[in-house]
Amino acid sequence: MTQSLIDAAKLDGFDLETSGLQPWAGEIISMAHYHTVGVTMQEPSVAALREWLEECRDEGRTIVGWNVMFDIAWLIAKGLGYLVRQNKWLDGMLLLKRIDGFRFSYSLKTIVKEKWPQYADYAIDDFSKPTTEEGWQKMLTYNLQDVVFTLTLAKEYLNQMTNKEVAMAMTEAECLPELAQAWVDGIHIDTAALQLLKEENTSKLVSLRMDLGVSTTVISSPKQLANVLYEQWGLPILDRTEKGSPSTSKDALHKLAIYAPEDQRIMKLLEMRRCKTIQGKYVEAVEKSIAHHGSNVTHPQPQAGGTYTSRLTYSSKQGKGKSEVQTGIALHQWSRDKRVRAELTPPPGYLLGEWDFSGQEMRLMADASQDETMLSLFLQGIDSHAYMGASIKELDWHWVHNEQDNDPAAKQARYLGKFANLSLQYRIGVATIRIRALTQYGLNLSEAEATLIRSKYATTYPGVLQYWVDSIQKAGRLGYAETRGGHRIKLDDMSEYSLQQTAINFPIQGTGGDMKLLALAVLKNHFPELGVHFAWDLHDALFLYIPDDSRAVKTARFIEHTLSNLPYEKAWGWRPAVPLPVDGKLGKSWGSLKSYKD
């Protein structure tokens, strides 16, 4: 462990036991921490928690928990956010994710059972507030055991990490209070937009049902859908399930659409499936969530390290079975449909801002591959999609760029270039190219067209193809792939195609995840002076709430400048070969964001 970064003697293990899983609606039952000795508190008062946080701050301790964002949220809900932010944090679970990114479970109970079988049954069954002295003793003992296990494991994990890995883990931990605050605050829902979406979607479903002459329940029943596709309509079986049955998956439908582009019934079935998704995920789930909370606010729970590339995911439900409740929404799966995005709005008095890392993965690929053409495009500020599209269609890229808004052929060429640039840099085959073109870009490419695009990409960016080879070989030598921020993922068998793909993807996508963490860690220091709050994180963008006042555009530009000039060299010893700019937008809802440069 890096003594200059984290002093093991100043680690303070910490855990809360709570009444329920919603910090804004429950109480803290007990608290335990372990610095030099173990301490437990039964129903700790806010004053007692404040005193402990002040002590940790003043002594320079680093507070360590397991999935500690959850515990931080409870402290914030008790009005202690200012002290939370004055302290240093670390998460044992997130350290383990950095050491072993492919585990099935990161539950502390599971880890303890694996490492110390003699304590496999240490957990208690009843987490409700005890009513007897014996019950309290069991609760407090369990609470302290959680702390000791967490502290012991965290020290072990830190000792297995490089200096750079520890530094990146600390950066990630700096962001946890902002994630916790966003969870507690929730996201406001525009119920008028929700109702409009519901009505339009219902109308569309009725229209599709009438056109196809099938019930909307067909989409939810593989057996019924298979009967329609392969028996009633007589379409060929192009894909089968593991058990050998005719497949009705989304991929199977896309393959049918590619096979029979003239048959509009397949596209209408896909549209019906999209409408059913809107109905379930973006209408009914939202309605259930705001009904549960009794207000027009939903509380999606951020999951730090939700993917092995350190991207955030969001939990939308809590509990299991009959006790399951819809507390939030699946924010990381939110649709690009502006009608769906219009549901999400900032709190009163604020604007929603989106700051997107422009062409992030392609720029990172240019840096990683050192492909001369790709580097030149970004360094000279050339429209890379127009350039790629012109190569595919054998046109002049200047004409494609200049005429894309006036000439349909130029517009189509640039669109093809965009598809190629954003879809082919991670080594995909012709079949996947065709499916991705159809599903993500509405392009029904023939096999010959997909083959041509793949060939043009290879000849335009030969350095990218060499990067694929080099990345696989490097991971094979080292036993891992690594990001610019020092995040590593272990890869033990490079003969497996999926692990080869990880060796190619992870250094790029993982660096993108690192960039988001660094961005929030840097930017949060300006939040108090700007009056800004973290809203959520999605793909290559950060979403923030900024005050809706005369300074809004000035604030937005400051944020854009800060994020476009992050201290990569100081933080990671890396000087990017190309600029990594950020584009910003502002609006009254996610669906109405517009550039403030217009």
Side-chain angles (χ1 to χ4, degrees), residues 196-241 245-284 333 335-341 389 392-393 407-420 422-423 428-454:
L196 180 61
L197 174 65
K198 182 177 184 178
E199 292 171 357
E200 291 181 354
N201 193 64
T202 300
S203 177
K204 182 68 172 178
L205 272 172
V206 170
S207 176
L208 289 167
R209 185 186 67 195
M210 297 294 289
D211 287 349
L212 292 169
V214 299
S215 168
T216 54
T217 59
V218 165
I219 289 296
S220 306
S221 170
K223 185 176 181 180
Q224 291 182 41
L225 186 54
N227 178 263
V228 169
L229 290 170
Y230 308 119
E231 297 297 329
Q232 296 180 32
W233 293 357
L235 293 169
I237 299 170
L238 302 179
D239 211 356
R240 291 184 178 272
T241 66
S245 300
S247 176
T248 59
S249 69
K250 185 163 63 173
D251 278 352
L253 290 180
H254 288 141
K255 288 178 182 179
L256 284 170
I258 291 170
Y259 172 83
E262 74 287 345
D263 193 336
Q264 292 302 304
R265 295 175 301 179
I266 304 168
M267 295 306 294
K268 287 182 178 180
L269 271 178
L270 284 165
E271 182 64 22
M272 184 181 282
R273 175 169 274 177
R274 280 190 286 271
C275 288
K276 290 288 284 185
T277 298
I278 288 174
Q279 177 181 308
K281 186 176 291 185
Y282 308 126
V283 174
E284 293 174 357
Q333 299 172 345
S335 171
R336 294 181 181 274
D337 189 324
K338 286 189 176 182
R339 300 171 305 156
V340 176
R341 293 189 167 190
I392 295 169
K393 289 294 188 178
D407 191 294
K411 182 177 181 180
Q412 178 68 1
R414 189 181 186 279
Y415 194 59
L416 277 177
K418 179 178 181 180
F419 162 68
L422 301 184
S423 301
I428 62 174
V430 170
T432 304
I433 288 172
R434 296 180 72 190
I435 291 174
R436 190 169 296 179
L438 180 64
T439 58
Q440 297 182 13
Y441 292 83
L443 298 169
N444 200 335
L445 302 175
S446 68
E447 184 174 352
E449 288 171 326
T451 300
L452 173 65
I453 290 173
R454 189 167 184 252

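For the numbers below, each heavy atom of this structure counts, side chains included, while hydrogens, waters and symmetry mates do not.
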Q. Please, which pairs that meet side-chain hydrogen bond (donor to acceptor under 3.5 Å, both in side chains) have at least one residue in residues 430-441, sequence neighbours excluded?
A. none
Q: Verify the neighbour count for atom CD of Glu447: are there more than 12 heavy atoms of other residues, nucleotides or ligands below 6.0 Å?
A: no
Q: Kindly compute the distance separating CD1 (Ile435) from CG (Asp251), expressed to the nearest 0.5 Å.
A: 5.0 Å
Q. Can you name the nearest heavy-atom pair linking Tyr230 to Leu235, along with the distance?
A. CD2-O, 3.3 Å
(Q) I need the minimum non-hydrogen distance between Asn201 and Cys275, along with the two atoms involved. (A) ND2-O, 2.8 Å
Q.
I need the minimum non-hydrogen distance between Ala257 and Asn444, along with the two atoms involved.
A. O-ND2, 3.2 Å
Q. Which atoms form the tightest heavy-atom contact between Arg273 and Ser249, and what is the distance?
A. NH1-C, 3.3 Å
Q) When rounded to the nearest 0.5 angstrom, what is the spacing between CD in Gln224 and CD1 in Ile219? A) 10.0 Å
Q. Would you call Arg274 and Glu271 a salt bridge, using N to O less than 4.0 angstrom?
A. yes
Q: Measure the shortest side-chain to side-chain distance between Trp233 and Leu256 over non-hydrogen atoms and say whether it is less than 4.5 angstrom.
A: no
Q) Which heavy-atom pair separates Ser220 from Lys276 by the least distance, and what is that distance? A) OG-CE, 3.7 Å
Q) CD1 of Ile433 to CG of Leu443: how many Å apart, nearest 0.5 Å? A) 12.0 Å
(Q) How about NZ on Lys198, more than 12 heavy atoms from neighbouring residues, nucleotides or ligands closer than 6.0 Å, or not? (A) no
Q: Kindly say whether Arg341 contributes a backbone atom to a donor-acceptor pair with the side chain of Tyr282 at under 3.5 angstrom?
A: no
(Q) So which atom in Asp239 and which in Ala252 form the shortest heavy-atom distance, rounded to 0.1 Å? (A) CB-CB, 4.1 Å
Q) Which is it for Leu445 and Leu416 under the side chain to side chain contact (heavy atoms under 4.5 Å, CB included) test, yes or no, and what are the steps along the way? A) CA-CA 10 Å; Leu445 302 175; Leu416 277 177; 4.3 Å; yes
(Q) With a 4.5 Å cut-off on side-chain heavy atoms, are Arg240 and Pro246 touching? (A) yes
Q: Decide side chain to side chain contact (heavy atoms under 4.5 Å, CB included) for Leu225 and Leu269; before the verdict, give the C-alpha distance in whole Å, the side-chain angles of both, and the deciding distance to 0.1 Å.
A: CA-CA 10 Å; Leu225 186 54; Leu269 271 178; 4.0 Å; yes
Q: Working to the nearest 0.5 Å, report the span between CD of Gln279 and CG of Leu197.
A: 10.5 Å
Q: Evaluate side chain to side chain contact (heavy atoms under 4.5 Å, CB included) for Leu238 paired with Ile258, printing each intermediate quantity in order.
A: CA-CA 11 Å; Leu238 302 179; Ile258 291 170; over 6 Å; no
Q.
Please check this pair: side chain of Ser423 against backbone of Phe419, looking for a donor-acceptor N/O pair closer than 3.5 Å.
A. yes
(Q) Are Leu212 and Val228 packed together at the side-chain level, in the sense that at least one heavy-atom pair is separated by less than 4.5 angstrom? (A) no
Q. Out of curiosity, Met272 CE to Lys268 NZ, how far, rounded to the nearest 0.5 Å?
A. 10.0 Å
(Q) Would you compute the distance between atom NE2 of His254 and atom CE of Met267 and round it to the nearest 0.5 angstrom? (A) 6.5 Å
